[in-house]
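Inspection log for the structure reproduced underneath, given as structure tokens.
When a residue number appears, it is its place in the shown sequence, counting from 1.
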Amino acid sequence: DTWIFADGEWTQRTLAPSPPARADHTLTLDPVRKRLVLTTGTSGLDGRSVDTWEFDGTAWMQVAGGVDAPDVVSATATYDRVRGQVILDGGIRDTGIIGPSPTSPNTYAWNGQQWTEISNSSPLLQQHASAVDPDTGQMITFGGTRPLTVPCPNCDTVFNDTYRLEGPNWVTRPFVE
């Protein structure tokens, strides 16, 4: 379903085409291109959504699919002003086997046409949140969990770590200057 919030009210819009139903996906605003970017997620039992859609305020358009989109769920995404691109980080990778799957160490950038891997040193998180540091324009992530893997010393741990993407590296430290 697509819902639009305007003038203090939510209104459901029936649009075609429209992305398939999904959960565990990412949705973020590209303020320069004035589009919402929707990617990844699940569409039911073992149904991965490896497509990318954009919404311009009036219509949905599928802009990438198949191998072009990162195959992860429970990732996080935000717009990075430094790069001028939507950045997607972490999440759970699909290994094609039943059971626990590893967290993706990859970070990707969306330039409006394709996804490109920009880092393979992600903090290995899923279900974490992200935003843009208003002073630096860089992506910041916070919290999250680690996947259920074997052995798993921190399976049930919820983290309060904060990371910033600096170039191709994720760094963690107090960010008070």
Side-chain angles (χ1 to χ4, degrees), residues 1-98 100-104 106-118 122 125-134 137-145 147-148 158 165:
D1 295 347
T2 300
W3 290 78
I4 307 292
F5 186 74
D7 301 322
E9 293 184 17
W10 285 99
T11 305
Q12 185 175 12
R13 302 268 306 273
T14 302
L15 303 171
S18 185
R22 66 187 66 204
D24 301 318
H25 54 284
T26 66
L27 177 69
T28 193
L29 175 66
D30 179 333
V32 173
R33 297 177 54 247
K34 296 183 171 74
R35 296 177 188 274
L36 291 174
V37 178
L38 169 77
T39 195
T40 72
T42 59
S43 57
L45 293 176
D46 295 328
R48 297 288 183 141
S49 298
V50 291
D51 53 359
T52 300
W53 291 75
E54 290 187 343
F55 183 68
D56 65 4
T58 58
W60 283 104
M61 295 142 293
Q62 186 173 6
V63 292
V67 297
D68 294 336
D71 189 4
V72 294
V73 298
S74 298
T76 188
T78 196
Y79 184 80
D80 186 320
R81 287 192 343 245
V82 172
R83 288 181 171 81
Q85 297 178 325
V86 170
I87 307 298
L88 180 132
D89 176 64
I92 305 167
R93 287 187 292 152
D94 183 11
T95 61
I97 59 171
I98 297 174
S101 296
T103 299
S104 173
N106 304 44
T107 303
Y108 300 90
W110 171 251
N111 65 6
Q113 297 178 351
Q114 67 181 9
W115 288 100
T116 303
E117 183 181 319
I118 60 170
S122 174
L125 294 169
Q126 64 189 24
Q127 300 172 326
H128 50 312
S130 64
V132 174
D133 181 322
Q138 294 171 310
M139 182 178 188
I140 304 289
T141 67
F142 175 81
T145 64
L148 299 173
V158 176
L165 184 59

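- Counting all heavy atoms, side chain and backbone alike, Q114 lies closest to N111 at N-OD1, 2.9 Å.
- Looking only at atom types and distance, the side chain of E117 has a donor-acceptor partner in the side chain of N106 under 3.5 Å away.
- For the pair Q85/W110, no side-chain contact is recorded, criterion being any heavy-atom separation below 4.5 Å from C-beta on.
- The shortest side-chain heavy-atom distance between L88 and T76 does not fall under the 4.5 Å cut-off.
- Shortest non-hydrogen contact noted between A77 and V86 is CB-CG1, 4.4 Å.
- T39 and T52 form a side-chain donor-acceptor contact under 3.5 Å, judged by distance and modelled atom types alone.
- Judged purely by distance below 3.5 Å, without hydrogens or angles, the side chains of T2 and W60 pair a donor atom with an acceptor atom.
- Screening residues 8-27 for salt bridge (charged side-chain N to carboxylate O under 4.0 Å, His left out) gives R22-D51 as the qualifying pairs, with residues at least two apart or on separate chains.
- Across all their heavy atoms, G91 and H128 have their closest contact at N-CE1, 4.1 Å.
- Two residues are said to be in side-chain contact when any heavy atoms from C-beta on lie closer than 4.5 Å; D80 and V132 fail this criterion.
- For the pair D30 and V32, the minimum side-chain heavy-atom distance is below 4.5 Å.
- The shortest distance between side-chain heavy atoms of D56 and M61 falls below 4.5 Å.
- Rounding to the nearest 0.5 angstrom, the gap separating the CD1 atom in I87 from the CD atom in Q138 is 11.0 Å.
- For W3, there are no ring pair (Phe, Tyr, Trp, His ring centres under 6.0 Å) partners two or more places apart in sequence or in a different chain.
- Side-chain contact check for L165 versus I118: some heavy-atom pair is nearer than 4.5 Å.
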Evaluate the side-chain contact (heavy atoms from CB on, under 4.5 Å) criterion for residues Q12 and D1: first the C-alpha distance (whole Å), next the side-chain angles of each, then the deciding distance (0.1 Å), finally the verdict.
-> CA-CA 7 Å; Q12 185 175 12; D1 295 347; 3.3 Å; yes
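- Note on ring orientation: taking the six-membered ring where Trp is involved, the planes of W115 and Y108 are perpendicular (angle over 60°, cut-offs 30° and 60°).
- Between E54 and L36, the closest side-chain pair of non-hydrogen atoms is not below 4.5 Å.
- Shown here for Y79 and G84, the closest heavy-atom pair between the two residues is OH-CA, 3.2 Å.
- In terms of heavy atoms, T58 sits closest to L15 at O-CD2, 3.6 Å.
- One distance of note links OG of S18 with CD of Q62; it measures 11.0 Å at 0.5 Å rounding.
- For the pair L27/F55, no side-chain contact is recorded, criterion being any heavy-atom separation below 4.5 Å from C-beta on.
- S130 and T141 get closest at one heavy-atom pair: CB-CG2, 4.0 Å.
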